[in-house]
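A quick note: this is a predicted structure, and the numbers were derived from the prediction, not measured.
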Amino acid sequence: MTDLRLDDVAPAPAGSAALRIAVVGPTHPHKGGVAAHTTMLAHHLSEAGHDVTLVSWAHLYPSRLHHADATVPQGAPEVPPYPRTVRALSWARPDTWVRAGRRLRDVDAVLVVHVMPPVVPAHLALLHAAGALPGVPGLPGVPSPRPQSIVVCHNVLPHESRPGDTPLMRMFLAKVDAILVHSADQATLAHELGARRVSVADLPPHLPGGEPISRGQRSGPTRLLALGLIREYKGIDVLLRAMLDVPDVSLTIAGEVWPSQREVIGRLVTDPRLAGRVELREGYVPADELAALLADHDVLTLPYRSATASQNVILGHAHGLPVLASDIAPFSGQIEDGVNGLLVPPEDERALAGALRRLRDPEVRARLAEGVQTPDLSGPWANYLGTIEALAADDERSSVPGWRGGPHSAAAPRAPHLAVAAGVRAAGSRLAGGLRAGIRSRRPVVALDRSDLPDWVLPTDVLSDPLEAEEARRLARRLGLPLSLDKVEAWAALGALAAILRVRDDGRRSAIIVDETGTRSVLSRWARAIGFAPVEIDFTGSEPSVAALDVDTGSLDVIVRIHPRGCDGTDVDHVLEQASWALRSGGLLIVTIPIGPPSAPGAVGPADVRGILARAHDLGFVLVGDLDGDVNARMREAGARARADSAAYGLVRLTLRRR
C-alpha cells in the first residue's frame, strides 16, 4: 500500500459524510490486537459514511517499553489495510507530533487510540496542535468549533504499572473531551483519574486470520491452546501448575513470551509430570496460520488473572472452539458456563484442574463444541460507532452549565443518563434556552429537506414485510444519512424524520426534539446529521420519561419513542399522558408499537390500536396520516402473520399532533 502525506488527503465532498474524523493509532506493519482494532475502526467509520484519515506511526514506542518486535515479521497484514493511511508520526521526533496535529485542525474529531502512558506527551502535543483540547485558548488557524478530542482507551493503566503512569494518565484524561473504554471497571478507573466524560462500549470484533477450517473427530489427549503475547496477567503459569496432576491433557503455547515469563514458564515445562505434553511455539503467529492452528486444537484457554477487554473468546467461537477462561469480565459475559465453554475463578489452580478433568471426556468436549454459536461480527460495530458518533458530535460549543455525565457515564451510575448527542448538554430545570443556542451552532453535514423524501415514507404506517424495512434502509443510505445496520430501526427512524421535517421544521432546524429511544438512537444520529439538536434520554433500570428533564409544560416540539425501544401495550398510555403536558400546541409524539397475537408479550392487535387512538384523542392529540383502507388491511395482515409465527411480527408507527 502506498503511504499518503497529510497534505495529500483532500476532504470529502460537502454533504458526503457525517463527520470528518482523524483516527490516530497503530496499524500495519505494527502487529497485535490494538493495531488490528485501529485499522478496522477506520474501515467501519468510513463504511458508515464518514470522511476518515488514519494517522499512524512510522516508529512506535521505544524498544525498552515493548519487549517484543512490534512489527509483523515479513508477513501479510493481520487485517485489510486502510487505504487512507498517513504514517506521519515517530516516537523519537516530537516535531512530527506537532506537524501532524496542525494538519488536523479542520476535522470534526480526533480519535486517539491509547495503550501506554509513556505515549501521553505525544498524544497531548498532537491534540494541542490540532486545537482539540477544551479550555485551551484558540490557536491561529483553528476553525470554530474546534475538533473534539476523543481517547479510545484500551487500558486506562497498564497491566504491569510503572512509576509515573498514574500522574500521566490523570493529566491526560482531565484534558481531553471524552474517553471511550471497553468495560465498566475501566470506566470507573477513568472517572477516578479525573476524566471529563466516559462512555463504555464493548470491544467489537476485529478478528485476524481467514475462514474457519473444518474440524473432524480426533483421538488422543485433549489439546489446549494458549494464544497471543504471553504476559504475567494472562495466567499461563497457573494453567501449567493445574495440568501437573491432570494427565491426558496437552497444551500448545503459541505466541511471543514476555521476558519476565520466560523463566517461569521454562521452569514449569521441564517438570517430569508435563513431559511431552507442552509445546512452546514461541514467536509471532502470522494471521494466515491462525485458522489451521485453531483447527488443530480442542479448547482455547484464557486463564487470565485480570482483563480489560479481549476478543479471544469471539475468535475461539468463530472457529468452533469452546473456551476455558477465568470467571472475570469480559469472559463471564461472553461464555455460558457448561454450554459453550467453562468458567473458573481466577488463579484457582484446584478449580482449573477440575475443569481440565472434565475436558478429558470426549462427550463433554463434543457437547461444548455443539453449544458454540457463530458470533455476531457486525452488530457490536454498530453500537461502537454509535457511541463514537455521539461523542464526536457532543462538544462544548453548545454546553449548558450544570451538566453532569453522559451516555453510560461512570460519574453517576444510578442517575438518569442524559445524552445530548448533538452537542446540547442539559440536565437542569429548563432546556429551551440551551437547546436553542445549541441548534444555532450546529452545522448540518447532510443536505436534506422534506422534498427529498418520497411520498411512500409516511408519518403513520405499518411494517408488515421485511422488504419494506430494507428499502427504507437503502433510501437512508442514498440520502447520505449515517449507516444503520438494523433495517427495522431504519424504517422506524425514517418515518419519524419525515414527520418532523414535514410538520415541525421551520427551515432553521429549531425544533426541540426529545428522543426517548435511548442513547445512540439512529433517529438522533440522522437528526444531528441534518442540523437538529436532539436530546437523547436513556435510563438505567426504569422507563425513559421526559419528566426527568423538568421541562416547562408545553415547551417541547417533538417526543419520539420508536423501535428498538418503542412503546408496547403496557406503557403507551403513560407515554401519551407525559407527552400531553410536555408538548406545545402543534407538537408531535411519534411512537412505534408491535402488532401481534395476544400471546406475544406487549403486542397489540388492530382493535387495540383504535383504542390507543381514542385515548390519544381524549388527551388532545390528532393522528397525522391515516389508518384506514390499505394501512388497516396491512395491519390485519401483520397480525395474522405474527400469529402464524407466534411472535410480534408487525410494527405500527403512529405520529400524533397535539391540538
Side-chain angles (χ1 to χ4, degrees), residues 1-6 8-9 21-48 50-63 65-93 96-97 100 103-104 110-116 119 122-123 126 151-155 182 203-211 227-229 254-256 283-294 309-312 314-315 318 377 381 384-385 388:
M1 179 181 65
T2 302
D3 287 346
L4 302 173
R5 296 181 305 164
L6 277 172
D8 296 331
V9 180
I21 299 175
V23 178
V24 179
T27 187
H28 183 76
H30 299 290
K31 65 189 177 187
V34 174
H37 168 266
T38 303
T39 309
M40 295 310 298
L41 175 59
H43 277 294
H44 281 279
L45 284 168
S46 178
E47 291 167 5
H50 301 296
D51 176 17
V52 181
T53 299
L54 174 52
V55 182
S56 192
W57 296 80
H59 176 206
L60 176 62
Y61 307 142
S63 57
L65 296 179
H66 203 283
H67 299 274
D69 187 0
T71 59
V72 175
Q74 300 179 350
E78 295 179 307
V79 295
Y82 183 68
R84 296 182 65 194
T85 297
V86 184
R87 292 179 176 82
L89 301 171
S90 172
W91 167 262
R93 295 277 306 278
T96 64
W97 315 341
R103 289 173 170 83
L104 301 178
V110 181
L111 270 64
V112 172
V113 177
H114 171 82
V115 180
M116 300 175 66
V119 190
H123 288 160
L126 182 146
V151 176
V152 179
C153 202
H154 287 268
N155 298 309
H182 301 131
L203 183 69
H206 42 283
L207 304 181
E211 294 296 318
L227 185 65
L229 191 62
E256 296 167 282
Y284 171 74
V285 180
D288 56 6
E289 297 180 15
L290 271 177
L293 181 63
L294 288 159
S310 172
Q311 65 167 356
N312 282 333
I314 299 173
L315 177 64
L377 301 182
W381 276 107
Y384 201 76
L385 297 187
I388 289 175

* **Contact summary for Pro204 and Gln311, nearest pair of heavy atoms** => O-OE1, 4.3 Å
* Is a donor on one side and an acceptor on the other found under 3.5 Å between the side chain of His44 and the backbone of Tyr384? -> no
* Criterion side chain to side chain contact (heavy atoms under 4.5 Å, CB included) against Val115, the qualifying member of Thr38, Asn155, Val152 -> Asn155
* Asked: Do the non-hydrogen side-chain atoms of Leu315 and Leu294 ever get within less than 4.5 Å of each other?
  -> yes
* **Distance, nearest 0.5 Å, that separates NE2 of His28 from CG of Leu54** => 12.5 Å
* Asked: Taking the side chain as C-beta and beyond, is there a heavy-atom pair between Val113 and His154 under 4.5 Å?
  -> yes
* Asked: Below 4.5 Å, heavy atoms only, C-beta onward: do Leu104 and Thr53 meet side chain to side chain?
  -> no
* State, to 0.1 Å, how close Leu207 and Ala318 come at their nearest heavy-atom pair, and which atoms those are. => CD1-CB, 3.8 Å
* **Shortest non-hydrogen separation from Thr39 to Ala35 and the atoms involved** => OG1-O, 2.8 Å
* Taking Ser46 for its side chain and Ala42 for its backbone only, find out whether a donor-acceptor pair lies under 3.5 Å. => no
* **Tyr82 (side chain) donor-acceptor with Thr27 (main chain) under 3.5 angstrom** => no
* Between Trp57 and His123, what is the shortest heavy-atom contact and its length? -> CZ2-NE2, 4.3 Å
* Asked: Are Leu203 and Ile314 close enough that some pair of their side-chain heavy atoms sits under 4.5 Å apart?
  -> no
* **Asp51 side chain reached by Arg84 side chain, heavy atoms, under 4.5 Å** => yes
* To do: For residues Pro83 and His43, determine if any side-chain heavy atom of one lies less than 4.5 Å from a side-chain heavy atom of the other.
  => yes
* To do: Heavy atoms only: give me the nearest Gly255-Val285 pair and the separation to one decimal.
  => N-CG2, 4.3 Å
* Donor-acceptor pair, side chain of Trp97 and main chain of Leu89, under 3.5 angstrom -> no
* Structure fact -> One should read off an interatomic distance between Leu111 CG and Leu41 CG, to the nearest 0.5 angstrom, of 6.0 Å
* Would you find a donor on one side and an acceptor on the other, under 3.5 Å apart, between the side chain of Ser56 and the backbone of Gly25? -> yes
